[in-house]
Amino acid sequence: MTDLPKALRAVLAERSEVADPEVAEVRRAPDGTTKFALALGDGSVVEAVVIPMEGRTTLCLSSQAGCAVGCVFCVTGALGAGRNLTGGEIFGQYRVLVRTQALLGAPLNVVFMGMGEPLLNIPGIARAIELLAETVSPRRVTVSTSGIVPAIARLGELPRRPNLAVSLNATTQEQRARLMPLAARWDLADLLEAMRRYPLERGRRITIEYVMLAGINDSDEDARRLPRLLRGIPVKVNLIPFNPDPEFLPGLSTPDDARIDAFAASLAAANLNVTVRWSKGLEVSGACGQLRGRVPARPPARA
Ligand code: SAH
Ligand code: SF4
């Protein structure tokens, strides 16, 4: 940019960089779900997923290069903590997906359900939501959290407030503590209270994610407790059949279809709005809880 004063160029070179994440790998599943491994400036690799849906495409972005919450059913958690992404790095994932998939102008949803716990990186996601707002309304953005209670209130105070999804995954404090060690530092009752207080637009609901694990959180008792916990909170429940990974998540399995259907039916009978979310992109490990990232042998080129 030789039209800028030399002194300014020197300052810019020192303090800033202009770089999109570099595409390290692309894998496309037969259902069209496309998973990207994206290398950041320091060599960290995060994953982002494009999920085609009827009439609208969902982009699933990462907020951290790893995750400290350590949920026992999640590959990202099994790999451990990683650094926060900057708002620019998060927005960079969006830019790469939109450019390579020719999605400019297409109707999009953006979900923070990739690698990491977004509410342990509020500055990063707040900045990314601001940058996104030029093209994607915050009403089309959903932040999914394992339940970092104090940060839920902070999310609700953002000028561009996104939709909220909470990964509940359990119906008792003990069960949650076993499944989601760091998130369970906050009491289930406090988490439910934070959800009650989250400011929702008229007609909106909080999404409850519930990963179904055979013999662990799929009992009739659980199906009875869940509606009681959620009473009075405007929610829709997504049951996510566990996506197995024998290498990183040994010993866990998916309930059979009949159990999942019975569980869903029981919630519906208690007047909960419930859907079973059969994961897309299983063939490329692009489904929930299967994002692992990786540090490449060769550091990426810098733009
Ligand atoms: N850290 C945030 C967002 C990323 S995880 C959170 O936990 O909400 C996105 C979703 O994938 C969460 O709802 C999580 O419960 C779910 N998930 C994690 N591992 C999974 C697995 N192996 N099978 C199915 N869903 C999984
Ligand atoms: Fe982290 Fe979410 Fe995975 Fe738990 S489910 S380890 S919070 S990414």
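Every number for a ligand or one of its atoms is a count from 1 in the order of the listing.
The closest side-chain heavy-atom distance from Arg228 to Thr171 is not below 4.5 Å. Put simply, the side chain of Ser167 reaches to within 4.5 Å of the side chain of Ser144, judged on heavy atoms.
Short contacts between ligand 1 and Ile240, defined as distances under 4.0 Å to a heavy atom of the residue, involve ligand atoms 24 (C), 25 (N). Within ligand 2, the atoms closer than 4.0 Å to a non-hydrogen atom of Gly77 are 6 (S), numbered from 1 in the order shown. Of all atoms in ligand 2, listed by their number and element, those nearer than 4.0 Å to a heavy atom of Ser146 are 7 (S). The distance from ligand 1 to the heavy atoms of Glu117 drops below 4.0 Å at these ligand atoms: 1 (N), 2 (C). Residue Glu209 approaches ligand 1 through these ligand atoms, each under 4.0 Å from one of its heavy atoms: 10 (C), 12 (C), 13 (O). For ligand 2, the atoms lying closer than 4.0 Å to a non-hydrogen atom of Gly116 are 8 (S). Residue contact check: Gly116 has heavy atoms under 4.0 Å from atoms 1 (N), 2 (C), 3 (C), 4 (C) of ligand 1. Near Cys74, the atoms of ligand 1 lying under 4.0 angstrom from a non-hydrogen atom of the residue are 18 (C), 19 (N).
Any N or O atom pair closer than 3.5 Å counts here, and Arg277 shares no such pair with ligand 1. Where the criterion is an N or O separation shorter than 3.5 Å, residue side chain and backbone included, Gly114 fails it with respect to ligand 1. In terms of polar-atom proximity, Pro118 is not counted as a contact of ligand 1, lacking any N or O under 3.5 Å from an N or O of the ligand.
Nearest to atom 15 (O) of ligand 1 by heavy atom, out of Val69, Val211, Thr145, is Val211.
Atom 1 (Fe) of ligand 2 lies at 2.8 Å or more from every N, O or S atom belonging to Cys71. Atom 3 (Fe) of ligand 2 lies under 2.8 Å from an N, O or S atom belonging to Cys74.
Using a 4.0 Å cutoff on heavy atoms, Ser167 does not count as a contact of ligand 2.
Taking a cutoff of 4.0 Å between a charged side-chain nitrogen and a carboxylate oxygen, Arg259 and Asp220 qualify as a salt bridge. For the pair Glu157 and Arg154, the salt-bridge criterion is not met [side-chain N within less than 4.0 Å of a carboxylate O]. Using a 4.0 Å cut-off between a side-chain N of Lys or Arg and a carboxylate O of Asp or Glu, Asp222 and Arg225 qualify as a salt bridge. Arg95 has a carboxylate O that lies under 4.0 Å from a charged side-chain N of Asp20, or vice versa, which qualifies the two as a salt bridge. Between Glu174 and Arg178, no side-chain nitrogen of the basic residue sits less than 4.0 Å from a carboxylate oxygen of the acidic one, so the salt-bridge criterion is not met.
When the options Val98, Leu97, Leu108 are evaluated for a side chain to side chain contact (heavy atoms under 4.5 Å, CB included) with Val50, the one that passes is Leu97.
No hydrogens or angles considered: a donor-acceptor pair under 3.5 Å links the side chains of Thr145 and Glu117. No hydrogens or angles considered: a donor-acceptor pair under 3.5 Å links the side chains of Ser44 and Asp42.
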